[in-house]
Amino acid sequence: MDGDSDSHYGGAGLVTSRTIGEIQDMKMPENAVKVRVVGHQWWWEVHYPDLGIITANEIHVPISDRDPAKATPTHLILQSADVMHSFWVPQLAGKTDLIPNKDNESWIDPFETGVYFGNCAEYCGTQHANMLLRVIVHTPEGFQKWVAQQKAAPAAPQTPEEVEGHRIFFANSCVNCHKVSDSVAVGVFGPDLSKLMMRQTIGAGLLRSTGKISGHGCAIRRF
Amino acid sequence: MGEEHGSLTAIVQELVYTVDHKKLGLMYIGSGLLFFVVAGIMATLIRVQLFFPSSKFLEPDVFNRFFTMHGTAMIFLVAMPWVFGFANYLVPLMIGTRDMAFPRLNAFGFWVFLFSGLFLFSSYFTAPGLYNAGSAPNVGWFAYSPLTAKAFSRGTARITGRFLSF
């Protein structure tokens, strides 16, 4: 580059295309956790295709490692079921849009455990501002424990309150939109509620969960 | 026409009949100022809502209507008319012509802009009423497609109003 601006541009182009090529040729690390995130108006559906787990509004991942041989990054496939959304957890990655009929990808590679807050970053309608998301980074053992808990069959209702809640849920139209594994509730329009009380929040992050069914008034719209 | 010079009727008549590029340029800038004030009031209401977390000052959809209309108004009814206005006023002087190439078309353009702006704002007074801020558009001023499609939003005021302002 002898001060000739054309060759500068040419050089920048070559470096850029080589870098893009290298990124696209990257192999998926063997330990990568694969997560499929589907944006809905106004909540996040979270699938772990390899683990057979479905949850909502929070993504549990194991802590990664700075050593590439031991790293367990999380690979995100970002999809949308209705309008455009944007996945944004500012402490972990830049914004990536969730676009209907298109698979976008992103990676997160956290080096510290804890809770990372995110939200939808592409205006998506009435409750866009309350479409909140949490990424919860566990120790490797903690993540295994979480996976085991998620895969366990839902516990039968115990207390009278739980029995009454169970009866109300299955006696009403709740089952048309929500899914509870191993039951007649197989709806896919709303979030999977099989492990609802294990989540930190309900209502797409709007209310902190008390871990008890009776802690909140009914915030769900009647259909 | 027949009215005394300087009376209100005469002024209005002059504004409606004029094809003068300087007058039209000032009219563009003046109408832009009017919409600027309205958009500014909406911006103030948006900021009041955001002053406290989880504030109940505006309903979600009213807030969405305000920021959509604020954005649309500021771009299409304020910034662009100001650019048109200065260009209308100055460019014929700069290149030494008597007026724009098609003065009547130029005047027509101004009136289409003004009425499209008023038409767009009239959506505040339609269906659910002013406290739910009418059926003003609530899809963001970028109006990205799936959200604006029929399945996800109702109302046509926005599309018509936008169409006219071009």
Side-chain angles (χ1 to χ4, degrees), chain A residues 37-45 57 78-88 90 95-104 117-134 177 188-190 200-209 216-217 219-221 223, chain B residues 39 42-43 45-76 123-124 127-129 131-159 162:
Chain A
V37 180
V38 186
H40 292 259
Q41 283 179 318
W42 295 277
W43 57 284
W44 307 86
E45 184 182 347
N57 303 320
L78 304 169
Q79 301 170 325
S80 170
D82 36 50
V83 304
M84 282 198 270
H85 304 277
S86 187
F87 178 89
W88 189 39
K95 293 171 187 170
T96 309
D97 275 10
L98 285 68
I99 299 171
N101 301 324
K102 182 181 189 332
D103 289 2
N104 275 346
F117 296 100
N119 55 272
C120 179
E122 176 69 64
Y123 174 62
C124 60
T126 309
Q127 289 296 333
H128 161 68
N130 290 324
M131 186 171 161
L132 308 178
L133 173 71
R134 287 171 177 225
C177 297
V188 290
F189 186 75
Q200 296 186 349
T201 61
I202 65 168
L206 198 56
L207 294 170
R208 186 175 279 276
S209 176
H216 301 285
I220 303 201
R221 191 196 301 176
F223 286 100
Chain B
M42 286 189 290
L45 293 170
I46 290 168
R47 284 291 136 192
V48 170
Q49 161 71 23
L50 295 176
F51 202 78
F52 299 104
S54 305
S55 164
K56 296 279 186 290
F57 179 65
L58 297 175
E59 289 173 33
D61 268 327
V62 177
F63 181 84
N64 294 343
R65 292 193 162 106
F66 278 165
F67 78 67
T68 301
M69 288 291 276
H70 170 80
T72 312
M74 285 303 285
I75 293 295
F76 294 101
S123 61
Y124 272 124
Y131 287 99
N132 284 322
S135 58
N138 61 350
V139 290
W141 83 268
F142 262 90
Y144 282 131
S145 165
L147 186 60
T148 45
K150 221 171 191 174
F152 300 107
S153 58
R154 298 160 298 149
T156 53
R158 169 188 193 79
I159 295 148
R162 173 75 74 84

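Heavy atoms only: backbone and side chains are in, while hydrogens, waters and symmetry mates are out. All chains are named by letter (A, B, ...) in the order of the sequence lines, taking the proteins before the strands, and each is independently numbered beginning at 1.
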Where does F67(B) contact chain A at under 4.5 Å (heavy atoms): side chain, backbone, both or neither?
side chain

Is N130(A) in contact with chain B via its backbone, its side chain, both, or neither, using a 4.5 Å heavy-atom distance?
neither

Distance (rounded to the nearest 0.5 Å) between Q41(A) CD and D82(A) CG:
4.5 Å

Nearest 0.5 angstrom please: W42(A) CH2 to C124(A) SG, how far?
7.5 Å

Keeping N119(A) on the side-chain end and M131(A) on the backbone end, is there a donor-acceptor pair under 3.5 Å?
no

Could you tell me whether the side chain of S80(A) and the main chain of I99(A) form a donor-acceptor pair under 3.5 Å?
no

Greatest number of heavy atom pairs closer than 4.5 Å to chain B - which of E122(A), Q127(A), H128(A)
E122(A)

